[in-house]
Amino acid sequence: MLRSLRLVPFLLLGAPAAAQEFPVRIAHAFGTAEIPAPPSRVVSLSFIGHDFLLALGVKPYALRKWYGDHPHGVWPWAQEALGDAEPIVMQGEIDIEAIAAMRPDLIVGQWSGMTAYDHRLLSQIAPTIAHRAEWGPYGAPWQEMLRTLGMATGRLERAEAEIARLEARFARIRAAHPDWQGASAVMVWAGSVGAYTSRDIRGRLLRELGFVAPAAVEARGSLNRAYVRIPPEDLSAIDVDALIWLDSGASVERLRTLPLRRTMRAHAEGREIYSDLMLSAALSHSSPLSLDYALDRLTPLLEAAMDGDPATVVATSRQAGILGREGADAR
């Protein structure tokens, strides 16, 4: 049943909504944020949240830079949406005093690592949205992150349209690749050999393509632990049908010399995908603005890795030089 948002004590994210009205109330891990009117000065503390705001046409007054050397901490896929805006760029720990000086009318902190103590102080400055308890600090699905921000900024209809568009694209990819459905896949950070579980935004992307996370990785994770280290002396947990190595470009030599990597089925059968800095960042943001770029690049790489023919070259793995001499010669 559709009801005015004014009449409900908090919003059940994911439920159908009527035309938006304010005030809006949004429940999160540390309470309920009440937003009295459409905000005009939004401070984003999430490492990836500014991408989601920009997808809604909201240019943050200030944002928290994650990594990279792009203007204003915004990666290329979101630069057009940023336009000529010049948000204040924060980096590092949450600086309560600096945020207070900005005089925001909304503070958003999904995917920020915000603590209850941080929230208590921030909520005295402006309505503050933290993560939902059931997702953990870094486990929110991209759909729900966007839906929350759509509600908070009065742009829920635009958020739902974008969710529908991208979910339709995922559905088309699944339909075109029946062999992916139920196959195992995992993304692993090459620098420290750490795997992302299905609670992580990267693991969720693979699940949306029809893959399943390896049980050995899932068993080591938890609500607050979506990244698990894999000991280099036992890589069996990540020996899957499609192994995606995320990298900044600095760990190629480490992959080449990782001793037991050459004993893996994924290596022998050409099922490894090397993800360079730009693709790794797009997958790690998994925002409405980065997902199209990520899917454009990742889909053909997965097709090559999953075609069942060890002689098929995964282009990025060859370019990175991780196929090995025998693999490079054979392919």
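- By the 6.0 Å contact criterion, CD on Glu134 is enclosed, its count of non-hydrogen atoms from other residues, nucleotides or ligands being greater than 12.
- Side chain of Glu162 to main chain of Leu56: no donor-acceptor pair is present (N/O by atom type, distance under 3.5 Å, no hydrogens or angles).
- Residues satisfying the side chain to side chain donor-acceptor pair (under 3.5 Å) test with Asp239, not counting sequence neighbours, are none.
- Residue pairs meeting the side-chain hydrogen bond (donor to acceptor under 3.5 Å, both in side chains) criterion with at least one partner in residues 295-307, sequence neighbours excluded, are Arg169-Asp296, His177-Glu303, Asp276-Arg297, Tyr293-Arg297, Asp307-Thr312.
- Arg155 contributes no side-chain N or O that, together with a main-chain N or O of Gly150, makes up a donor-acceptor pair within less than 3.5 Å.
- Considering all non-hydrogen atoms of both residues, Leu54 and Pro60 come closest at CD2-CD, 4.0 Å.
- When all heavy atoms of Glu218 and Ser198 are compared, the pair lying nearest together is OE1-OG, 2.6 Å.
- Checked options Leu106, Ile88, Val42; the residue passing with Tyr61 is Ile88 (criterion: side chain to side chain contact (heavy atoms under 4.5 Å, CB included)).
- Residues Val58 and Leu149 fail the side-chain proximity criterion, which asks for heavy atoms closer than 4.5 Å.
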Inset, instruction - Would you check, one step at a time, whether the test side-chain contact (heavy atoms from CB on, under 4.5 Å) holds for Lys59 with Leu53? - result: CA-CA 7 Å; Lys59 298 181 181 182; Leu53 289 168; over 6 Å; no
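- For the pair Val74/His50, a side-chain contact is recorded, criterion being any heavy-atom separation below 4.5 Å from C-beta on.
- Within the structure, every pair that satisfies the side-chain hydrogen bond (donor to acceptor under 3.5 Å, both in side chains) test and touches residues 73-93, not counting sequence neighbours, is listed here: Asp51-Trp77.
- Residues Thr128 and His119 meet the side-chain proximity criterion, which asks for heavy atoms closer than 4.5 Å.
- The 12-atom threshold is not exceeded at OH of Tyr117, counting heavy atoms of other residues, nucleotides or ligands nearer than 6.0 Å.
- In summary, of the residues considered (Ile125, Ile107, Val43), a side chain to side chain contact (heavy atoms under 4.5 Å, CB included) with Met102 occurs for Val43 alone.
- Judged by distance alone, the side chain of His28 and the main-chain N or O of Phe30 form a donor-acceptor pair under 3.5 Å.
- A 6.0 Å sphere centred on CD of Glu34 holds more than 12 heavy atoms belonging to other residues, nucleotides or ligands.
- A donor-acceptor pair is defined here as one N or O able to donate and one able to accept, closer than 3.5 Å; such a pair exists between the side chain of Arg204 and the backbone of Gly139.
- Looking at Arg256, its side chain does come within 3.5 Å of a backbone N or O of Gly321 through a donor-acceptor pair.
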Legend entry - Derivation and outcome, side-chain contact (heavy atoms from CB on, under 4.5 Å), residues Val186 and Thr197: CA-CA 8 Å; Val186 68; Thr197 75; over 6 Å; no
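- With a 4.5 Å cut-off on side-chain heavy atoms, Trp245 and Ile273 do not count as touching.
- In summary, Arg261 and Glu272 engage in a salt bridge, as defined by a charged side-chain N under 4.0 Å from a carboxylate O.
- A distance-only check finds a donor-acceptor pair linking the side chain of Ser112 to the backbone of Gly109 [under 3.5 Å].
- At distances below 3.5 Å, at least one donor-acceptor pair connects side-chain atoms of Arg64 with backbone N or O atoms of Leu45.
- Between Trp111 and Phe47, the ring planes lie perpendicular to each other; the angle is over 60°, past the 30° to 60° tilted range.
- There is a path of hydrophobic side-chain contacts, each under 4.5 Å, that joins Ile244 to Leu291.
- A donor-acceptor contact under 3.5 angstrom links the side chains of Ser280 and Ser275, judged on distance only.
- Between Pro36 and Pro127 the shortest side-chain heavy-atom distance falls below 4.5 Å.
- With sequence neighbours excluded, the residues satisfying side chain to side chain donor-acceptor pair (under 3.5 Å) with Asp200 are Arg202.
- Using a 4.5 Å heavy-atom cutoff, the side chains of Met145 and Ile48 are in contact.
- Using a 3.5 Å distance cut-off with no hydrogens or angles, the side chains of Gln143 and Glu160 do not pair a donor with an acceptor.
- Of all heavy-atom pairs between Val228 and Arg220, the closest is CG1-O, 3.4 Å.
- Counting all heavy atoms, side chain and backbone alike, Arg165 lies closest to Asp292 at NH2-OD2, 2.7 Å.
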Legend entry - Check against side-chain contact (heavy atoms from CB on, under 4.5 Å), Val212 and Arg207: CA-CA 6 Å; Val212 297; Arg207 189 166 63 188; over 6 Å; no
Legend entry - Chi angles and distances behind the side-chain contact (heavy atoms from CB on, under 4.5 Å) call for Tyr196, Val188: CA-CA 6 Å; Tyr196 296 96; Val188 179; over 6 Å; no
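- Arg318 contributes no side-chain N or O that, together with a main-chain N or O of Leu323, makes up a donor-acceptor pair within less than 3.5 Å.
- Nearest heavy-atom pair, His285 versus Phe52, reported as atom, atom and distance to 0.1 Å: O-CE1, 4.0 Å.
- Contact annotation: the side chain of Phe211 never approaches that of Val240 to less than 4.5 Å [non-hydrogen atoms, C-beta and beyond].
- Remark: side-chain polar atoms of Ser251 are not paired, donor with acceptor, to backbone N or O of Arg254 under 3.5 angstrom.
- Two residues are said to be in side-chain contact when any heavy atoms from C-beta on lie closer than 4.5 Å; Leu235 and Ile230 meet this criterion.
- Counting heavy-atom neighbours within 6.0 Å of Arg41 CZ, excluding the residue itself, gives a total above 12.
- For the atom pair CD1 of Ile201 and CG of Leu283, the computed distance is 10.5 Å after rounding to the nearest 0.5 Å.
- Of the possible donor and acceptor atoms, one in the side chain of Asp105 sits under 3.5 Å from a partner among the backbone N and O of Ser40.
- Shown are Val314, Leu246, Ile322; of these, the side chain to side chain contact (heavy atoms under 4.5 Å, CB included) with Tyr274 is made only by Ile322.
- Scanning for side chain to side chain donor-acceptor pair (under 3.5 Å) contacts around Thr115 gives Asp118, with sequence neighbours left out.
- Taking the six-membered ring for Trp and the full ring otherwise, Trp189 and Tyr227 have centroids separated by 6.0 Å or more.
- Not counting sequence neighbours, the partners of Ser184 by the side chain to side chain donor-acceptor pair (under 3.5 Å) test are Asp241.
- Summarising the geometry of Ile35 relative to Phe22, their closest heavy-atom pair is O-CD2, 3.3 Å, with the distance given to 0.1 Å.
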